[in-house]
S.K.: 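Please see the structure below; I have some questions.
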Amino acid sequence: MRTLEDIQEEYEFLEGDERYRLLIELGRELDEMPAALKTDATLVRGCSAQVWVYPTTEADKLHFLADSNAAITKGIVALVISTVQDKPAAEVAKMDIAGALAPFDLKNQLSSNRTQGVPNMIALVQEHAARIAQD
């Protein structure tokens, strides 16, 4: 998965539909999420599309599996995940994820129904991180 910095650098050079294409491409780059993990327990509430996020840990680092049934939403999920992927749980729990995503100006770049679930995705990721950091 690309780093958020790499994605941002590319995103800044693009406009309009090219930015949508980048988001779709990012979504395709997510690790495959097995269908068995797409349950009510991993579903992110408040998203216009279906979004699932599942945390795993490897060597004290968080690794998220995520998916969506909508291509652009899946790209937004990938953007959120790229912010926290393979970082220590304690670090993720304290991160300003919304601040890290601010340069992408998603609220003004995308329709409100595509971005309405972003705060819920961020909250879910950080709840998982906080829980895992305490274990």
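Residues take their numbers from the sequence shown, with the count starting at 1. Below, each value reflects all heavy atoms present in this structure, side chains not excepted, and no hydrogens, waters or symmetry copies.
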S.K.: Just by modelled atom types, is the Glu15 backbone N or O under 3.5 Å from a matching donor or acceptor in the Glu18 side chain?
M.R.: yes
S.K.: To the nearest 0.5 angstrom, please state how far the CG atom of Asp6 sits from the CD atom of Glu9.
M.R.: 6.5 Å
S.K.: For a quick test of reading the model, state the closest non-hydrogen atom pair linking Cys47 to Gly117 and the distance between them.
M.R.: SG-CA, 3.6 Å
S.K.: Verify, without hydrogens or angle tests, whether Arg19 (side chain) and Leu14 (backbone) share a donor-acceptor contact under 3.5 angstrom.
M.R.: yes
S.K.: To the nearest 0.5 Å, how far apart are OG1 in Thr56 and NE2 in His128?
M.R.: 11.0 Å
S.K.: Once rounded to the nearest 0.5 Å, what's the spacing between atom CD of Glu10 and atom CZ of Arg2?
M.R.: 5.0 Å
S.K.: Using only atom types and a distance under 3.5 Å, with no angle test, would you say the side chain of Thr73 pairs donor to acceptor with the backbone of Asn69?
M.R.: no
S.K.: Check the hydrophobic clustering (I, L, V, M, F, W, Y; side-chain heavy atoms under 4.5 Å; chains of links allowed) and say if Ile24 and Val51 are grouped together.
M.R.: yes
S.K.: Using the rule that Ile, Leu, Val, Met, Phe, Trp and Tyr join whenever any side-chain heavy atoms are under 4.5 Å apart, tell me whether Tyr54 and Leu43 fall into a single cluster.
M.R.: yes
S.K.: Write out all pairs satisfying salt bridge (charged side-chain N to carboxylate O under 4.0 Å, His left out) with one or both partners inside residues 68-92, taking only residues at least two apart or from two chains.
M.R.: Asp67-Lys74
S.K.: I'd like to know whether Leu26 forms a side chain to side chain contact (heavy atoms under 4.5 Å, CB included) with Arg21, so could you lay out the CA-CA distance, the side-chain angles of the two residues, the decisive distance to 0.1 Å, and finally the verdict.
M.R.: CA-CA 9 Å; Leu26 291 173; Arg21 280 193 281 282; over 6 Å; no
S.K.: Looking at every heavy atom in both Ala70 and Ala49, which two are closest together, and how far apart are they?
M.R.: CB-CB, 3.7 Å
S.K.: Mind checking whether Leu106 and Val84 sit in one hydrophobic cluster, side chains of I, L, V, M, F, W, Y counted as touching below 4.5 Å?
M.R.: yes
S.K.: List the residues meeting side-chain contact (heavy atoms from CB on, under 4.5 Å) with Asp31, not counting sequence neighbours, and say none if there are none.
M.R.: His63, Leu65
S.K.: Keeping the roles fixed (side chain from Gln126, backbone from Met95), state whether a donor-acceptor pair exists under 3.5 Å.
M.R.: yes
S.K.: Checking Asn120 now: which residues fulfil side-chain contact (heavy atoms from CB on, under 4.5 Å) with it, not counting sequence neighbours?
M.R.: Val44
S.K.: Please identify which of these residues, Ile81, Thr83, Val80, meets the side-chain contact (heavy atoms from CB on, under 4.5 Å) condition with Leu4.
M.R.: Thr83
S.K.: Ignoring hydrogens and geometry, is there a side-chain-to-backbone donor-acceptor pair from Thr42 to Leu37 under 3.5 Å?
M.R.: yes
S.K.: May I have the step-by-step check of ring-ring contact (aromatic ring centres under 6.0 Å, His included) for Phe104 and Tyr11, ending in yes or no?
M.R.: CA-CA 8 Å; Phe104 293 91; Tyr11 192 83; 5.0 Å; yes
S.K.: At their closest point, which heavy atom of Pro103 faces which heavy atom of Ala100, and how far apart are they?
M.R.: CD-O, 3.3 Å
S.K.: How far apart are the C-alpha atoms of Ser82 and Thr3, what are their side-chain angles, what is the distance that settles it, and do they pass the side chain to side chain contact (heavy atoms under 4.5 Å, CB included) test?
M.R.: CA-CA 6 Å; Ser82 71; Thr3 66; over 6 Å; no
S.K.: Would Ile76 end up clustered with Trp52 when hydrophobic side chains under 4.5 Å apart are linked, directly or stepwise?
M.R.: no
S.K.: Tell me, yes or no, whether the heavy-atom count around Arg28 atom CZ, taken from other residues, nucleotides or ligands under 6.0 Å, exceeds 12.
M.R.: no
S.K.: Flag yes if Leu30 and Leu62 sit in one hydrophobic cluster, no otherwise; membership is Ile, Leu, Val, Met, Phe, Trp, Tyr, and two members link when side-chain heavy atoms are under 4.5 Å apart.
M.R.: yes
S.K.: Nearest 0.5 angstrom please: Leu79 CG to Gln8 CD, how far?
M.R.: 9.5 Å
